[in-house]
Every structure is written in C-alpha cells, then in structure tokens.
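Notes for the one structure printed next.
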Amino acid sequence: MVPHPALPPGALGDSADVEREAGVARLFELHYSSMLRLAVLLGTDDPENVVAEAYYQIYRKWRRLRDAEAAEAYLRSTVCNLTRMRIRHLQVARKHVETPADEPVASAESTALLHDDQRVLIGALQQLPARQREALVLRHWLGLKESEIAAAMGISCGSVKTHTARGLAALTQAMEARR
C-alpha cells in the first residue's frame, strides 16, 4: 500500500481495513436502493436513517463476517430488525405523548419510490401486522426463499409460511374492500 501524502504513515490502517472499506463500498453500490425500498415497504418513517445505520453496523462487524457473500443477507436482516425496532420505539413514544402525533410525512426518496398505482397497495400493506408485512415484503418484493426469510426474520420456515399465508389473505381482503 502506497501511503497517502497528506496522511501520516499508518493512518489508512492495514490491508483488512482497506478490504473492509472496499467491501462495504461495493455493497453500498449494489444494494443501497433495494435496502431503501425494503425499509420503505416495511413501514419505517425514516428509511434513509435505517439503511445508514444498517451499513454502519455491517461496517463495524465486517471482520466477523464468515463469508463476504453473506454480507447482503446480513444487511437485509439488519434493515428488517432496525425497522422493527424503530416502529416499536415510535409506538411506545406515541403512547406517552399527550397530543396526538401528526401524520408522518414521507421523505422525498420514499415518495419517488412509490408510484401512484402502488399507493393503495402500500396503504393496505402497512395495515398488516408487522410480521405478516415483513414476510410478504421479503417474499414478494425481494423474491427470497422461505429459508432466507426465516433467517432474516429470526423465525422458523413454518412460521414464515403461516405469516405469508395470513398476510396474503388479509391483503387480498383489504384490497378487495377498497375497490
């Protein structure tokens, strides 16, 4: 490694740091927009912050990854978990607020991701219980297999099937009621 002229020797770290920087940058280039879509579809009010936090966490834990190929699955799982935690936090915070909160304002990125013909579907999807919504988004928007969904959500494959079936039934009923 050739030292950067403006930095003191050793400032860039060892080759593992360079590998981590390159790996996370490559992951960002390939998957940022899909992770942002995932956070939006899962119902977070601040998808950019959730995805940024997920990238930060994978950056911190990069050396502990057994396989760099597993980084995308880890990132997806992290986005799901952070979104779930964010929604729970907001639910608790809203219970303790004396005045009702205003309707959440969608960010410009969120609005750009959603087309007019998808708004009704997204509204119905957001009415589903969190686990059903997660299972449907991971299955039908990301096209993951049941085993990948189970790993991302931290549940069994049987539970994935149950959440997916119940979510589809509720979503179908909600969509038909809005017609």
Side-chain angles (χ1 to χ4, degrees), residues 1-4 6-93 104 106-114 122 125-126 128-157 159-160 163-164 167:
M1 174 176 18
V2 178
H4 191 278
L7 297 173
L12 290 177
D14 58 11
S15 63
D17 287 339
V18 172
E19 178 186 332
R20 174 173 64 172
E21 295 285 335
V24 172
R26 186 171 46 255
L27 195 64
F28 185 85
E29 289 173 14
L30 295 173
H31 302 291
Y32 177 78
S33 60
S34 66
M35 293 301 144
L36 186 62
R37 269 196 265 359
L38 174 62
V40 168
L41 291 169
L42 291 177
T44 186
D45 64 334
D46 58 348
E48 300 85 4
N49 290 336
V50 167
V51 173
E53 177 66 21
Y55 275 100
Y56 171 69
Q57 286 188 17
I58 200 166
Y59 178 83
R60 283 185 29 232
K61 297 177 182 178
W62 187 263
R63 290 182 181 156
R64 288 186 260 165
L65 284 176
R66 284 179 256 143
D67 180 14
E69 297 299 318
E72 178 188 358
Y74 176 82
L75 184 63
R76 186 173 35 249
S77 178
T78 303
V79 168
C80 288
N81 289 335
L82 289 172
T83 299
R84 192 178 312 122
M85 288 176 7
R86 177 71 180 156
I87 290 170
R88 283 183 193 148
H89 168 77
L90 290 175
Q91 288 171 342
V92 170
S107 67
E109 291 83 1
S110 298
T111 304
L113 291 172
L114 302 177
I122 298 302
L125 186 65
Q126 289 177 341
L128 294 176
R131 291 296 199 168
Q132 291 176 11
R133 181 175 56 245
E134 287 177 29
L136 288 175
V137 168
L138 293 171
R139 175 71 180 119
H140 295 285
W141 270 274
L142 294 183
L144 299 182
K145 299 175 191 169
E146 286 176 0
S147 58
E148 294 171 320
I149 297 169
M153 292 177 65
I155 59 176
S156 69
C157 287
S159 294
V160 170
H163 289 307
T164 304

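Note: hydrogens, waters and symmetry copies are ignored here, and every other heavy atom, side chains too, is used.
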[X] side chain near [Y] side chain, heavy-atom distance below 4.5 Å:
{"X": "L38", "Y": "T83", "result": "no"}
{"X": "R86", "Y": "L90", "result": "yes"}
{"X": "I155", "Y": "R131", "result": "yes"}

How many angstroms lie between [atom1] in [X] and [atom2] in [Y], if you round to the nearest 0.5 Å?
{"X": "Q57", "Y": "E53", "atom1": "CD", "atom2": "CD", "answer": "4.5 Å"}
{"X": "K61", "Y": "R20", "atom1": "NZ", "atom2": "CZ", "answer": "13.0 Å"}
{"X": "Q126", "Y": "I87", "atom1": "CD", "atom2": "CD1", "answer": "8.5 Å"}
{"X": "E19", "Y": "R63", "atom1": "CD", "atom2": "CZ", "answer": "9.5 Å"}
{"X": "N81", "Y": "E134", "atom1": "CG", "atom2": "CD", "answer": "7.5 Å"}

Side-chain donor-acceptor contacts of residues 135-152 below 3.5 Å, not counting sequence neighbours, with atom names and distances?
from : atom 1 : to   : atom 2 : distance (Å)
R139 : NH1    : L144 : O      : 3.1
E148 : OE1    : K145 : N      : 2.9

Counting distance only, does the side-chain N/O of Y32 pair as donor-acceptor with the main-chain N or O of V51 below 3.5 Å?
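Checked: no pair found.
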Side-chain donor or acceptor of T78 paired with backbone N/O of Y74 under 3.5 Å:
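Checked: pair present.
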Heavy-atom closest contact ([X] atom, [Y] atom, distance):
{"X": "L27", "Y": "W62", "result": "CD2-CZ3, 4.4 Å"}
{"X": "Y55", "Y": "H31", "result": "OH-C, 3.5 Å"}
{"X": "I58", "Y": "A71", "result": "CD1-O, 3.3 Å"}
{"X": "R64", "Y": "R60", "result": "NH2-O, 4.4 Å"}

Could you give me the CA-CA distance, side-chain angles and deciding distance for L82 and M85, then say whether side chain to side chain contact (heavy atoms under 4.5 Å, CB included) is met?
CA-CA 5 Å; L82 289 172; M85 288 176 7; 3.9 Å; yes
